[in-house]
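Position 1 is the first residue of the sequence; numbering continues from there.
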Amino acid sequence: MKAYSKLPDHNEILDLTDFETASDTTPPSDLKAATALAKTHLSELAALGLDDGALAAASDRITAMLALVAAAAQRVATTLEDLDHAEELATTDALTGLANHRRWWSAVETESARCARSGGQFAVAVIDLDGLKAVNDERGHLEGDLLLRVAASTIRTTVRASDEVGRVGGDEFAVLAVDHDHEEAEALVVRLSAAFEDAGIEASIGAAVSDDDESFMRTYQRADEAMYATKRLHKTL
C-alpha cells in the first residue's frame, strides 16, 4: 500500500483565499477559514499513511464541498448587492438623482437626534422653483424635467458633500446642512441664490436653524415659511 509522503500539489483543491464576487467583494473570513481547515485536514490524512486512492477521494470530496461553499457565498453576495441597489432605487428621486422625500426626511430625523444628544444645530433650506409650471405649460414637460435636473445640479454643486439634498415635492427641493448656525444658514441662502441666478433659474429660498425646543418638522416649517416670504417679495418686485 503506497501512502503520500506529503500533500499532493494539485490545483483541484480550491483556494478560497482568491475568492472574488462579481463586485470584487473581499473574501469572507469564514471562507478563508474553511479553506485552511480543509488543507489541514488533508495534511492530517496524509500523515496517517492513507493510500493514494483514499487520499485522492478525500481531496475530491473536500474540494467539492469548498466549491459549494464558494458558490453559496457568491449567491449571497449577489443578493446583498441586489438589495442595496433596490434600497438605493427606493430612496432616490429617479429624475434628479437626489434623495427622495423618504430618504431626506430620514436624514433630518437622524440629524435631529444627533443634535439633541450633542447640543449641536443644523439648518434646513427650502427651495421652490418659481417658473416650473409656466415652463411645463408653455414648453412642455420635457423642458420642465430639464429645468428640474439643472436645478438639482445647481444645488448639489453649491452645498457641501456632507449636506443631504432632496427633492421633497414636484418643484420643491430641500437641503439639510449639518452643523450650521444662523450666520452660516444665511450664507447658505446667499450662495444658493447666487448660484440660481447664474444658472438663469428663478427660485425662492428660505432657511431655518434647529432649536432645542422644537421638533425637526417645525424647523422645516419655519424654513418653508421663510421661502414663501421670499416668494411673496419676488412678486412685489
Side-chain angles (χ1 to χ4, degrees), residues 90-136 144-145 147-237:
T91 59
T92 301
D93 177 62
L95 180 64
T96 64
L98 299 178
N100 64 10
H101 186 277
R102 170 187 167 192
R103 190 175 96 205
W104 190 83
W105 273 110
S106 177
V108 174
E109 185 173 5
T110 299
E111 178 62 13
S112 179
R114 186 189 72 83
C115 288
R117 294 191 301 269
S118 65
Q121 290 180 303
F122 64 89
V124 169
V126 176
I127 304 105
D128 187 86
L129 304 186
D130 294 334
L132 179 61
K133 186 177 185 305
V135 170
N136 283 333
D145 288 350
L147 175 61
L148 287 167
R149 286 194 290 268
V150 173
S153 177
T154 299
I155 300 169
R156 183 70 273 174
T157 56
T158 301
V159 303
R160 302 169 303 175
S162 59
D163 297 333
E164 184 74 274
V165 182
R167 183 184 176 200
V168 296
D171 60 354
E172 190 168 292
F173 299 87
V175 178
L176 167 64
V178 299
D179 297 324
H180 262 44
D181 58 22
H182 291 278
E183 184 176 338
E184 290 167 323
E186 290 175 3
L188 174 62
V189 171
V190 170
R191 292 199 310 274
L192 287 169
S193 298
F196 273 102
E197 185 174 352
D198 289 344
I201 300 173
E202 296 181 6
S204 297
I205 306 170
V209 176
S210 62
D211 190 305
D212 291 340
D213 297 328
E214 69 181 11
S215 66
F216 56 86
M217 175 64 80
R218 179 56 189 150
T219 303
Y220 176 85
Q221 288 174 338
R222 289 195 292 110
D224 201 46
E225 290 165 1
M227 180 274 292
Y228 276 108
T230 302
K231 187 180 289 288
R232 289 191 294 271
L233 180 61
H234 286 170
K235 289 181 179 180
T236 63
L237 297 179

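Between Ala199 and Thr154, the shortest heavy-atom contact is CB-OG1, 3.8 Å. The two atoms that bring Ala208 and Ala223 nearest to each other are CB-N, 3.5 Å, heavy atoms only. The minimum heavy-atom distance between Ala177 and Leu188, with the atom names listed, is CB-CD2, 4.0 Å. Nearest approach of His180 to Glu184, heavy atoms of both residues: CA-OE1, 3.2 Å. When all heavy atoms are compared, the tightest approach of Leu233 to Thr236 is O-OG1, 2.7 Å. Here the shortest heavy-atom pairing between Ala151 and Phe173 reads CB-CE1, 4.0 Å.
The structure places CD of Glu202 at 10.0 Å from CG of Leu147, a figure rounded to the nearest 0.5 Å. Note that CG of Leu98 is 9.0 Å distant from CZ of Arg167, once rounded to the nearest 0.5 Å. Rounding to the nearest 0.5 Å gives a distance of 10.0 Å between CG of Asp181 and OG of Ser210. A distance of 14.0 Å separates OG1 of Thr91 from NE2 of His101, quoted to the nearest 0.5 Å. Rounded to the nearest 0.5 Å, atoms CE (Met217) and CD (Glu109) are 10.0 Å apart. The line from CD of Gln121 to OG of Ser112 is 11.5 Å long, rounded to the nearest 0.5 Å.
Not a single donor-acceptor pair under 3.5 Å links the side chain of Arg160 to the backbone N or O of Glu164. In this structure a side-chain-to-backbone donor-acceptor pair under 3.5 Å is missing from Arg156 to Val159. A donor-acceptor distance shorter than 3.5 angstrom exists from the side chain of Ser193 to the backbone of Val189, with no hydrogens or angles considered.
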For a quick test of your reading: what N or O donor-acceptor pairs under 3.5 Å do the side chains of residues 124-133 make, sequence neighbours left out?
unit_1	atom_1	unit_2	atom_2	d
Asp128	OD2	Lys231	NZ	2.7
Asp130	OD1	Ser204	OG	3.0
Asp130	OD1	Lys231	NZ	2.5
Asp130	OD2	Ser204	OG	3.1
Asp130	OD2	His234	ND1	3.4
Lys133	NZ	Asp137	OD2	2.8

**Prompt:** Step by step, would you call Val108 with Tyr220 a side-chain contact (heavy atoms from CB on, under 4.5 Å)?
**Reply:** CA-CA 9 Å; Val108 174; Tyr220 176 85; over 6 Å; no
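In this structure, Arg218 pairs ionically with Glu225, as a charged nitrogen and a carboxylate oxygen lie closer than 4.0 Å.
Of the candidates Ile155, Asp179, Val175, Val175 is the only one forming a side chain to side chain contact (heavy atoms under 4.5 Å, CB included) with Asp163.
By the 4.5 Å heavy-atom criterion applied to side chains, Arg149 and Asp145 are counted as neighbours. Two residues are said to be in side-chain contact when any heavy atoms from C-beta on lie closer than 4.5 Å; Asn100 and Arg103 meet this criterion.
The number of heavy-atom neighbours closer than 6.0 Å to CD of Glu214, taken from other residues, nucleotides and ligands shown, is above 12. Dense packing is recorded around CD of Glu172, with more than 12 heavy atoms of other residues, nucleotides or ligands lying under 6.0 Å away.
Every residue two or more places apart in sequence or in another chain was checked for a ring pair (Phe, Tyr, Trp, His ring centres under 6.0 Å) with Phe196, and none qualifies.
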